[in-house]
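Order of the sequence lines fixes the chain letters, A, B, ..., with proteins taken first and strands second; residue numbering starts at 1 for each chain. All values reported here derive from a predicted model rather than from experimental measurement.
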2 protein chains.
Amino acid sequence: MKKENVTIYDIAKESNVSPATVSRVLTGNAKVRPKTMQRIIDVIEKHNFRPNSLARSLLHKSSKTIGFILPDINHPFFSTLVQKGEAYALELGYTTFLCNTMNNSENESKYLQSLVEKQVDGIIYLGGRINATDTDEQYAEEIKKVMERVPVVFVNGQMTGVDAHIVRTNEEIGIEKLVELLVNLNHKKIGFLGGVEGISSTDLKKNTFLNVMKNKGLVVNSDWMIGDGFNIESGEEVASKLLYLKERPTAVICANDLVAIGVIRVLTKFGLKVPDDISVVGFDDIYLAQYFPPGITTVNQNYDQLGQTAINVLVDLINGKEAEKETVVPTSLILRDSCKFYTK
Amino acid sequence: MKKENVTIYDIAKESNVSPATVSRVLTGNAKVRPKTMQRIIDVIEKHNFRPNSLARSLLHKSSKTIGFILPDINHPFFSTLVQKGEAYALELGYTTFLCNTMNNSENESKYLQSLVEKQVDGIIYLGGRINATDTDEQYAEEIKKVMERVPVVFVNGQMTGVDAHIVRTNEEIGIEKLVELLVNLNHKKIGFLGGVEGISSTDLKKNTFLNVMKNKGLVVNSDWMIGDGFNIESGEEVASKLLYLKERPTAVICANDLVAIGVIRVLTKFGLKVPDDISVVGFDDIYLAQYFPPGITTVNQNYDQLGQTAINVLVDLINGKEAEKETVVPTSLILRDSCKFYTK
DNA sequence: ATAGGAAATGAAACCGATTTCACCCAATTG
DNA sequence: CAATTGGGTGAAATCGGTTTCATTTCCTAT
C-alpha cells in the first residue's frame with residue numbers, strides 16, 4: 001500500500017549487528033562500543049533512517065501527543081491560545097493534534113473518538129459549555145468516558161457534571177475591573193452585550209456583571225443585556241437593537257473584543273461617537289484591540305500563562321502527578337480610548 | 001507507565017471468540033454470525049472499547065493523518081486556510097497535526113522529523129520561501145529528503161530546487177487587477193508596501209507589480225517599494241517612512257491586508273485621509289478587511305477552494321494517483337472604500 | 001597466561017491490532 | 001447417504017520498534 005520503508009532490521013543487517021544494538025544507539029539507553037556505534041550511525045545516515053514512532057508508542061503506551069479541541073481556530077482568541085500552547089508543548093516534546101469542532105457536536109464526537117484511538121497522552125479542551133441542551137448532556141457523558149482513559153484539561157470553560165481539571169482566566173475580576181472603571185467614569189447605565197447563553201464563560205461574565213452592579217446599587221435594564229454570539233456580525237446586530245431603545249445605556253461591556261468591534265462599527269455608522277456619546281469596552285485583548293479605532297479598552301487574557309499552565313497541568317496528569325484542580329490566571333485592565341468620563 | 005487498556009484480546013476472551021473475529025466485527029471486513037456479532041458488540045460497549053489505531057497503522061503503513069506546516073496560526077490568512085483544510089481533511093477521514101514553525105528553522109526541522117517518525121500520510125506546507133540564506137538551502141535539502149518518503153503539497157509558496165506539487169492563488173492576476181483598478185482610477189504613482197524578500201509569494205507579487213507597471217508605461221520610484229513584514233506593525237513602520245518622502249505615491253498596494261491596516265492607521269494618524277488623500281489596497285481578504293474602516297479594497301483568496309484542492313492533490317498523491325503539478329486558483333477583486341479616483 | 005568481572009551484544013518476547021490460510025461444520029446436491 | 005460447497009471461525013504471522021535476560025567478548029589483575 002505504501003512504499004517500503006527502511007526499518008531497524010535493515011540497518012541492523014547492513015551494520016552486522018542485531019536490531020537491539022541499533023535500538024540502543026537510537027535511544028541512547030545503553031552503551032555501545034564507539035566503533036560499532038559509528039558504523040551504525042553511518043548506515044543510519046546513509047539511508048536517512050528515522051525510527052517509526054508508531055511502533056515505539058505502541059510498546060511504550062505513550063505517543064508524546066496531545067489533542068487540542070476548540071470551536072474555531074479562526075477566532076483570534078483561540079488561535080493565539082493554541083499557538084502559545086502548541087509552542088510550549090513542543091518544548092516539552094509533545095506534538096499536537098488540531099481539532100476544530102466548529103461548534104458541531106458530531107465533529108466533537110468524531111474527534112474525541114479519534115483522539116482516543118490515536119492514543120493521545122492528553123487533551124486540552126478550549127472553551128467548554130454548561131449543559132443547555134440534550135445533545136450537550138449526551139456529549140458530557142462522552143467526555144466523561146474519555147476522561148476515564150485520557151487526562152483532560154479544560155481552559156476557560158467547563159461542563160456541568162464533568163469534574164475536570166480546569167485552567168481559567170479570572171473573568172470575575174476582569175468584569176469587576178471593567179464595571180469599576182465605568183462607574184468611576186460616572187456611568188450608571190451600563191449594559192452587557194453578546195456572548196452565548198450556556199457557554200460557561202458567558203454565563204460567568206453575565207452573572208458577575210449583575211452581582212457587581214447590584215453591589216454598586218445600580219440597576220440593569222433587561223434591554224441592556226442582549227445579543228447572541230462572539231463575532232463582529234453579532235456585535236453589529238446587537239448594536240442595531242441598541243439604537244432603537246428609548247433609554248440607552250451610556251456604556252456597554254462586550255462579551256469579547258470582536259463583539260465590541262461590531263458594536264463600535266454600527267454605533268459609529270449611525271452617528272454615535274465612541275467614546276464621546278457612548279463608552280464601549282471589550283474582553284480578551286486580541287491582537288486587533290489595540291489597532292481598531294479608537295483603540296479598545298479591554299481586559300487582557302494572559303495567553304502565555306494560560307497556555308503554559310494548561311500544558312503544565314496536563315503533563316503533570318499524564319505523568320501521574322497531582323495537579324491543582326483549578327488554576328486561576330490573573331487579568332489586567334488595558335486602558336485605551338473606547339471609554340470616557342460621562343458628563344450628564 | 002500508563003493505566004492498562006482494554007485490548008482486542010480482552011474482548012475476545014470475554015466473548016469466547018478469537019481476536020480475529022473481534023477484528024472482523026470492528027472492521028466489517030468479513031462476515032460474522034449475527035448472534036456472535038451481537039455478543040461481541042455488547043462486550044465492546046460494556047467496556048467502551050476503542051481499537052488502538054497505532055497498532056492498526058503500524059500494520060497498514062498508513063496513519064490517516066496529515067501534517068500542516070505553517071509559519072503562524074495566529075495570522076488570519078493561515079488560520080482560515082488551516083480551518084478550511086482541516087475540515088475537509090476530516091471529511092475524508094484524516095486528522096491533522098498542527099505545526100506552527102514561527103519562522104524558526106529549528107522548529108521546522110524538529111517538526112519535519114517528527115512528522116516523518118509519526119508516519120503521517122502526507123504534508124501540507126503553507127507559505128514557502130525561495131532560498132535566500134544558507135540555512136534555507138540546508139532546509140530545502142531536508143524537505144527533499146522528506147519528500148522521498150512522504151508526499152508534500154505546497155500552498156502559495158515554493159522553494160527553489162524543490163520540485164514539488166503546488167496549489168496556489170493566482171497572485172499575478174490578483175496584482176494585475178489591483179494595478180489596473182488603480183490605473184483606471186487615474187493613479188500614476190503607485191507603490192508596493194510590505195512583504196519579505198525571499199518569501200516566494202512576496203517575490204512573485206513584486207515582480208508582477210513591476211512588470212504590469214512597465215507594460216502600462218508607468219515608472220516605479222524605488223522609494224515606493226519598501227517595507228519588511230506581514231503584520232500591522234510592519235505596515236505602520238513602512239507608512240511612517242512614506243510620510244517623509246518628498247514625492248509620495250498616490251496609491252499603494254500592500255503585501256497583505258494586515259500591512260494595509262497598519263498603513264491606513266499611520267496615514268490617518270498623520271492627517272492623511274484614506275482614500276481621499278491616498279488610496280490603499282490590500283491582499284487576502286481576511287475576515288477583518290471588510291470591517292476595518294474605511295473597508296479595505298483587496299483581492300480575495302478563495303480559501304475553501306485553496307484548502308480543498310490542496311487536500312485533494314495530497315490525497316491523490318497518497319493513493320499513488322497522478323496529480324496536477326501546479327494548480328492555480330483564481331482570485332476576485334473585492335471593491336470596498338479604501339481607494340478612490342485621483343483628481344490632480 | 002589465565003581467571004574473574006565488567007562491558008557489549010544478541011535472541012526472543014512483547015505492544016495491539018489485521019489478515020492469510022486452514023479447518024470445521026452445516027447445508028445442499030447427486 | 002456420501003460428496004461437495006461454502007460460510008464462519010481460529011491459529012499464527014506480521015507491522016517496527018524496545019527491553020529483558022542470557023551469552024559472549026573484552027580487559028584487567030594475578
Can a donor-acceptor pair be found between the side chains of B:T95 and A:K118 at a distance below 3.5 Å?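 Yes.
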Answer with yes or no whether the side chains of A:N74 and B:S79 bring together a donor and an acceptor at under 3.5 Å.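 Yes - a donor-acceptor pair under 3.5 Å links their side chains.
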Measure from the ring center of B:F77 to the ring center of B:Y303 and say whether it is less than 6.0 Å.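 Yes; B:Y303 has its ring centre under 6.0 Å from that of B:F77.
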Is it true that A:F68 and A:F97 have ring centroids separated by less than 6.0 Å?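 No, the ring of A:F68 stays outside the 6.0 Å limit from the ring of A:F97, centre to centre.
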Measure across B:N100 and B:I73 and return the closest heavy-atom pair with its distance rounded to 0.1 Å.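 That closest heavy-atom pairing would be OD1-N, 2.7 Å.
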What pair of heavy atoms forms the shortest contact from B:V162 to B:M147, and how long is it?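 What the structure gives for the nearest pair is CG1-SD, 3.6 Å.
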Looking at [N], I'd like to know if its phosphate oxygens (OP1 or OP2) sit under 4.0 Å from a side-chain N or O belonging to [X].
X     : N      : answer
B:T7  : C:dG16 : no
A:T21 : C:dG10 : yes
A:H60 : C:dC14 : no

Touch check for [X], heavy atoms < 4.0 angstrom, all strands: base, sugar-phosphate only, or nothing?
X     : result
A:N16 : sugar-phosphate
B:V22 : nothing
A:T27 : sugar-phosphate

Looking only at side-chain atoms of B:V17, point me to the closest of C:dA17, D:dG16, D:dG10.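 Looking only at heavy atoms from C-beta outward on B:V17, the closest nucleotide is D:dG10.
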Rounded off to whole Å, could you give me the [atom1]-to-[atom2] distance for the [X] and [N] pair?
X     : N      : atom1 : atom2 : answer
B:R56 : D:dC15 : CZ    : P     : 18 Å
B:N52 : C:dC15 : CG    : P     : 12 Å
B:L58 : C:dT19 : CG    : C1'   : 14 Å
A:L26 : D:dG16 : CG    : C1'   : 11 Å
B:I11 : C:dG16 : CD1   : P     : 13 Å
B:L59 : D:dG17 : CG    : P     : 14 Å
A:K61 : C:dA17 : NZ    : C1'   : 12 Å
A:I8  : C:dA11 : CD1   : C1'   : 14 Å

Can a cation-pi geometry be assigned to B:K64 and B:Y94, taking NZ or CZ under 6.0 Å from the six-membered ring centre and within 45° of the ring axis?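 The answer is yes; both the distance and angle limits are met.
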Could you say whether B:A20 or B:L54 is positioned toward the 5' end of DNA chain C, judged by the nucleotide with the nearest heavy atom to each?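 In this pair, the answer is B:L54.
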Whichever of A:R24 and B:P51 has its nearest DNA chain C nucleotide further upstream toward 5':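 It is A:R24 whose nearest nucleotide is closer to the 5' end.
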Give, ordered by number, those residues of residues 29-49 of chain A having at least one heavy-atom distance below 4.0 Å to an atom of DNA chain D; if nothing qualifies, reply none.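 DNA chain D contact set from residues 29-49 of chain A: A:N29, A:R33, A:F49.
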